[in-house]
J.: 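Sharing a structure with you now.
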Amino acid sequence: MKKIKLVVTVIIAISLVAMSCDGNDISLEPKNTIECNPVGLGESHPYHKDYRKILDNYISKGFPGITAAIYTPENGLWVGASGLSDIKNRVAMNTCNTLFSGSVAKLYTVTAGMILYEQGKLDLDAKISNFLPQNVVDNLPNAKEATIRQLMNHTAGMPDHDDEEGLNDYIESNEGNLPSAEEQLAYLFDDDPLFVPGESVQYSSAHTLTLSLVIDSIAGEHHSNIISKEIIQKVGLTETFYKNETGYPSPKNLVNGYLNSASKNNDITKESINYCKGSHGDAGIIASANDYLLFIKALIEGEIVSQNTLDTMLTPVWGYNQSDYSIGFGLGFIMGSTKNILNKIGHSGATAGGMSHVYYYPTKKAFIVLLTNTLAEDDEKLIQDWSGNFVVGAGGNSIMEDLESIHF
């Protein structure tokens with residue numbers, strides 16, 4: 001099983017390909033359900049039928065299961081699900097299911113760092129070499145020059161360990177298990193830097209993996225303790241799990257994870273759990289759609305860090321510019337603007353057994369969370385159906401764009 005990163009070119013735009021979806025038996029009615037107390041307005045929501053139609057449509061295209069949480073100030077919260085959480089036993093996906101974050105976890109890790117920043121413990125412009133083991137400083141590309149801020153906004157110029165064939169081979173040979181964080185970074189020791197720190201911008205999971213080690217050193221404790229105490233417990237997230245929470249990495253209502261379309265039924269649940277358990281800051285969160293929404297909403301509305309700190313996090317470095325739109329990175333955030341209007345802030349993820357979108361739309365003060373329990377690794381049509389074009393208003397070529405088109 002290949003280790004998958006969130007590729008910026010995937011979330012920006014996917015070339016349309018002339019492929020037909022495999023036929024699948026996912027349309028069978030679920031035989032079993034699990035007890036779940038629904039949240040949000042459900043069927044009483046004015047857009048309930050529109051949202052459900054979109055989710056059901058993409059289940060028919062090959063996704064095993066999908067769950068979503070949508071909030072607008074005008075209509076409140078809607079949380080819904082479609083498809084199956086377990087194909088073999090035909091268990092229906094529901095709103096209480098917890099799904100793998102993939103790279104959305106990066107936003108939690110950066111937020112943990114910004115909490116230390118607010119406490120006066122972390123200097124954003126400090127060299128990361130002050131906080132890393134000497135063998136990492138001596139061998140990791142740009143580790144001697146990069147700053148903490150540059151890790152957070154992807155301007156540190158480190159190549160991505162997710163691209164290393166040797167690491168992917170290790171994961172595949174070990175049922176999804178990962179080596180330690182330091183051992184993951186060691187796969188980059190012979191690589192050249194992508195650029196001089198601060199001179200360009202390129203997404204790399206190695207930036208957040210390295211950041212997690214820096215946070216551990218500064219805090220004098222594992223970064224998961226900060227996430228648990230200052231985010232999960234502070235916000236009251238009862239369906240979010242990372243390292244310390246009871247039940248992790250297999251909490252109640254965890255979905256089965258799959259590879260590619262539902263018709264293939266490539267169940268990689270064991271590998272998904274192992275990979276999640278071994279992730280170190282760049283992935284590894286498990287949560288329900290509602291809890292992902294509660295997290296980003298609390299962050300945006302100043303319940304986790306102050307407005308001044310949030311403004312610092314929302315200072316973008318633009319890395320993809322066209323005449324009508326731009327895509328860039330804040331501290332922990334992926335950000336999009338159309339005609340110089342910032343209109344999309346959040347993060348996406350892809351990991352063993354799941355893909356995710358968690359976004360805030362500042363022009364509407366709205367939020368959309370979208371999760372599935374499959375990794376579209378080789379199915380280009382499924383990737384297009386999930387990722388489409390990152391820019392708001394680009395057209396209805398993916399499930400995210402279809403949901404956005406209702407309100408934006």
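All residue numbers in this chain count up from 1 along the given sequence.
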J.: Under 3.5 Å, side chain of Asn153 to main-chain N/O of Leu331, donor-acceptor pair present?
T.: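 Checked: no pair found.
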J.: Determine yes or no for a side-chain-to-main-chain donor-acceptor pair under 3.5 angstrom, with Glu172 supplying the side chain and Asp169 the backbone.
T.: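 No.
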J.: Answer yes or no on whether Lys344 is positioned over the face of Phe390, meaning its NZ or CZ is under 6.0 Å from the six-membered ring centre and within 45° of the axis.
T.: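 That pair qualifies as a cation-pi contact.
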J.: Under 3.5 Å, is there a donor-acceptor pair between the Asn244 and Asn225 side chains?
T.: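 Yes, because at least one side-chain N or O of Asn244 sits under 3.5 Å from a partner of the opposite role on Asn225.
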J.: Any donor and acceptor pair, going by atom type alone, linking the side chain of Asp86 with main-chain N or O of Asn89 inside 3.5 Å?
T.: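 Yes, Asp86 side chain to Asn89 backbone: donor-acceptor pair under 3.5 Å.
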J.: Using atom types as modelled and distance alone, determine if a side-chain donor or acceptor of Tyr71 lies under 3.5 Å from a backbone N or O of Lys297.
T.: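 A pair under 3.5 Å: no.
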J.: Do Thr269 and Asp267 pair up side chain to side chain, a donor and an acceptor below 3.5 Å, judged on atom types alone?
T.: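 Note: Thr269 and Asp267 side chains meet the donor-acceptor criterion.
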J.: Can you give me the closest heavy-atom contact between Tyr360 and Ala366, atom names plus distance?
T.: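 Distance-wise, the nearest heavy atoms are CD1-O, 3.2 Å.
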J.: Is any side-chain heavy atom of Thr351 less than 4.5 Å from a side-chain heavy atom of Cys276?
T.: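 A side-chain contact under 4.5 Å is absent here.
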J.: Using only atom types and a distance under 3.5 Å, with no angle test, would you say the side chain of Thr372 pairs donor to acceptor with the backbone of Thr67?
T.: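 A pair under 3.5 Å: no.
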J.: Compare every heavy atom of Gly166 with every heavy atom of Tyr187, then report the nearest pair and how far apart it is.
T.: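 Looks like CE2-C, 3.4 Å.
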J.: Between Asn290 and Ser288, does a side chain to side chain donor-acceptor pair (under 3.5 Å) hold up when you go through it step by step?
T.: CA-CA 5 Å; Asn290 186 55; Ser288 66; 5.3 Å; no
J.: Check the side chains of Tyr361 and Glu404 for a donor-acceptor pair under 3.5 angstrom, ignoring hydrogens and angles.
T.: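 A pair is found: one side chain offers a donor N or O, the other an acceptor, under 3.5 Å apart.
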J.: Assign the ring pair Trp386 / His357 to parallel, tilted or perpendicular, where the plane angle (0 to 90°) is split at 30° and 60°.
T.: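 Answer is parallel, since the angle falls under 30°.
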J.: Is it true that a side-chain atom of Asn373 and a backbone atom of Gly65 form a donor plus acceptor pair closer than 3.5 Å?
T.: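 At least one qualifying donor-acceptor pair exists.
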J.: Any donor-acceptor pair under 3.5 Å linking the side chain of Asn142 with the backbone of Phe195?
T.: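 Between the backbone of Phe195 and the side chain of Asn142 there is a qualifying donor-acceptor contact (under 3.5 Å).
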J.: Identify the residue among Leu299, Ile227, Thr208 that makes a side chain to side chain contact (heavy atoms under 4.5 Å, CB included) with Tyr108.
T.: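 Of the listed residues Leu299, Ile227, Thr208, the side chain to side chain contact (heavy atoms under 4.5 Å, CB included) partner of Tyr108 is Ile227.
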J.: Apply side-chain hydrogen bond (donor to acceptor under 3.5 Å, both in side chains) to Asp291 and list each qualifying residue two or more places apart in sequence or on a separate chain.
T.: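 Listed in chain order: Thr240.
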J.: Please step through side chain to side chain donor-acceptor pair (under 3.5 Å) for the pair Tyr58 and Ser398, ending with a clear verdict.
T.: CA-CA 9 Å; Tyr58 283 90; Ser398 73; 5.7 Å; no
J.: Which is it for Ser205 and Asp162 under the side chain to side chain donor-acceptor pair (under 3.5 Å) test, yes or no, and what are the steps along the way?
T.: CA-CA 7 Å; Ser205 292; Asp162 285 354; 3.1 Å; yes
J.: With a 4.5 Å cut-off on side-chain heavy atoms, are Lys365 and Ile300 touching?
T.: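 Ile300 vs Lys365: side chains apart.
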J.: For a 4.5 angstrom cut-off between non-hydrogen side-chain atoms, does Ser228 reach Lys243?
T.: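 Heavy-atom side-chain distance check fails, nothing below 4.5 Å.
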J.: With no hydrogens and no angle check, is any side-chain donor or acceptor of Ser204 less than 3.5 Å from a backbone partner on Met158?
T.: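 Yes: the side chain of Ser204 pairs with the backbone of Met158.
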J.: For the side chain of Asn168 and the backbone of Glu164, is there at least one donor-acceptor N/O pair under 3.5 Å apart?
T.: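 Pair found, side chain donor or acceptor close to backbone of Glu164.
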J.: Side chains of Asp56 and Ser82: any donor to acceptor distance under 3.5 Å?
T.: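 Side-chain D/A pair, Ser82 to Asp56: present.
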J.: Show your working on side chain to side chain contact (heavy atoms under 4.5 Å, CB included) between Tyr292 and Ser101 and close with a plain yes or no.
T.: CA-CA 9 Å; Tyr292 284 117; Ser101 68; 3.3 Å; yes
J.: Without hydrogens or angle criteria, can the side chains of Thr338 and Asn343 be said to hold a donor-acceptor pair below 3.5 Å?
T.: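 Yes, because at least one side-chain N or O of Thr338 sits under 3.5 Å from a partner of the opposite role on Asn343.
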J.: Is the closest side-chain heavy-atom distance between Leu167 and Pro179 below 4.5 Å?
T.: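 Counting from C-beta outward, Leu167 and Pro179 do come under 4.5 Å.
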J.: Do side-chain atoms of Asn389 reach the backbone of Asn397 as a donor and acceptor pair under 3.5 angstrom?
T.: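 No, Asn389 side chain to Asn397 backbone: no donor-acceptor pair under 3.5 Å.
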J.: Is there a donor in the side chain of Tyr203 and an acceptor in the side chain of Lys106, or the other way round, less than 3.5 Å apart?
T.: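 Tyr203 vs Lys106: donor-acceptor pair found between side chains.
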J.: Considering residues at least two apart in sequence or located in another chain, which fulfil the side-chain hydrogen bond (donor to acceptor under 3.5 Å, both in side chains) criterion with His280?
T.: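 Only Ser212, His222 meet the side-chain hydrogen bond (donor to acceptor under 3.5 Å, both in side chains) criterion with His280.
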J.: Of all heavy-atom pairs between Val136 and Ala143, which one has the smallest distance, and what is that distance?
T.: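 Taking every non-hydrogen atom into account, O-CB, 3.8 Å.
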J.: Between Ser261 and Ser263, is there a side-chain donor-acceptor contact under 3.5 Å, judged purely by atom types and distance?
T.: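 Yes, a side-chain donor-acceptor pair sits under 3.5 Å.
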